[in-house]
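Each remark here refers to the structure printed beneath this line.
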Amino acid sequence: MVAGVTAVVIGTGFTVIGLNRHAAEASIPTAAEATTAPAVADSLPATEEATPAPSPTPTPTKTPAPRRTTTAPKKTTKPPTRAAAALTVPRTGDAILDAVLEHINAARTDAGLSPLTLDSGLSRASAKHNQLMINSCGLEHQCPGESGLGDRFTAQGVEWTRAGENIGFGSSGSSDAAIIKAANGLTDSMLAERPPNDGHRKNLLNTSFKRIGLSVVRDAKGITWMTQDFVN
């Protein structure tokens with residue numbers, strides 16, 4: 001329990017190691033251990049040369065009669081799904097982002113690590129995922145119909161070879177100060193983890209990660225949700 005937060009729930013933190021920034025197809029592990037994503041082949045595998053079949057004997061052909069042609073119906077763009085159409089992504093205020101990032105970087109400094117830089121593209125990916133959790137998905141790293149972690153980052157123009165994510169929520173008041181307190185309380189809970197169940201702490205204090213995406217949003221029920229995304 002975190003002081004000032006009446007309920008704290010944290011999702012399993014996990015890390016994806018990608019050999020290629022387009023190759024993040026990792027399922028969510030129950031234990032917070034690193035998983036290796038499959039490499040994408042640069043070229044198709046070679047095939048054996050096939051023995052050519054004998055040429056067929058030509059046969060007379062008839063010239064086909066001209067056909068009446070009709071204009072094919074114009075293709076229409078597939079309408080967005082109900083979930084996609086309903087997704088609105090509220091922006092986390094700068095004061096909240098600055099305070100939460102400062103809190104995270106203070107922990108990294110205490111551990112002798114370099115601070116993380118806030119990445120706008122990564123934060124967009126965080127915000128989209130955060131809102132899906134709020135809408136109906138609940139505390140999950142991948143919501144129904146949502147792309148995997150690495151693909152979400154790549155879609156926002158983020159280049160990466162190593163990635164991780166922490167998620168959590170807790171009740172809070174509506175002021176910026178209360179939301180910041182809830183978010184920092186969640187981070188403190190993650191940092192207080194002990195092996196072997198310390199995936200969130202490992203993500204926050206990972207020496208490979210250099211950039212972070214953040215989304216902190218309070219929903220209509222008074223619950224503050226936070227998504228922290230990390231890349232190298």
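What you see is a predicted model; the values in this text were computed from it and never measured.
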Pair listing, disulfide bond (SG atoms under 2.5 Å apart) test, anchored in [range], at least two apart:
range            : result
residues 105-213 : Cys137-Cys143
residues 202-232 : none
residues 197-232 : none
residues 171-232 : none

[X]: partners by side-chain hydrogen bond (donor to acceptor under 3.5 Å, both in side chains), with sequence neighbours left out:
X      : value
Asn232 : Thr161
Asp94  : Arg91
Arg124 : Gln156

Ser215 and Ser126 side chains, donor-acceptor separation under 3.5 Å: no
When rounded to the nearest 0.5 angstrom, what is the spacing between [atom1] in [X] and [atom2] in [Y]?
X      : Y      : atom1 : atom2 : result
Glu159 : Thr154 : CD    : OG1   : 8.5 Å
Leu139 : Ile134 : CG    : CD1   : 11.5 Å
Lys210 : Leu113 : NZ    : CG    : 8.0 Å
Ile180 : Ser172 : CD1   : OG    : 10.5 Å
Leu204 : Glu193 : CG    : CD    : 8.5 Å

Decide side-chain contact (heavy atoms from CB on, under 4.5 Å) for Ile167 and Met226; before the verdict, give the C-alpha distance in whole Å, the side-chain angles of both, and the deciding distance to 0.1 Å. CA-CA 6 Å; Ile167 53 176; Met226 179 168 63; over 6 Å; no
Non-neighbouring partners of Ser147 that pass side-chain contact (heavy atoms from CB on, under 4.5 Å), sequence neighbours left out: Asp151, Arg152
Those residues at least two apart in sequence (or on a different chain) that pass side-chain contact (heavy atoms from CB on, under 4.5 Å) with Pro90 are Gln131, Val217
How about [X] and [Y]: do any of their side-chain heavy atoms sit closer than 4.5 Å?
X      : Y      : value
Met190 : Gln228 : yes
Thr224 : Ser171 : no
Asn105 : Leu116 : yes
Arg201 : Pro195 : yes

Which of these passes side-chain contact (heavy atoms from CB on, under 4.5 Å) with Leu214: Asn130, Thr227, Leu122, Leu97? Leu97
Qualifying salt bridge (charged side-chain N to carboxylate O under 4.0 Å, His left out) pairs, either residue in residues 212-232, two or more places apart: none
Residues 104-123 vs salt bridge (charged side-chain N to carboxylate O under 4.0 Å, His left out), sequence neighbours excluded, gives Asp119-Arg211
Looking only at heavy atoms, which two atoms of Leu191 and Ala107 are closest? And how far apart? CD1-CB, 3.5 Å
Can you list every ring pair (Phe, Tyr, Trp, His ring centres under 6.0 Å) pair that touches residues 213-232, not counting sequence neighbours? Phe169-Trp225, Phe209-Phe230
Thinking salt bridges, do Arg194 and Asp198 make one under a 4.0 Å N-O criterion? no
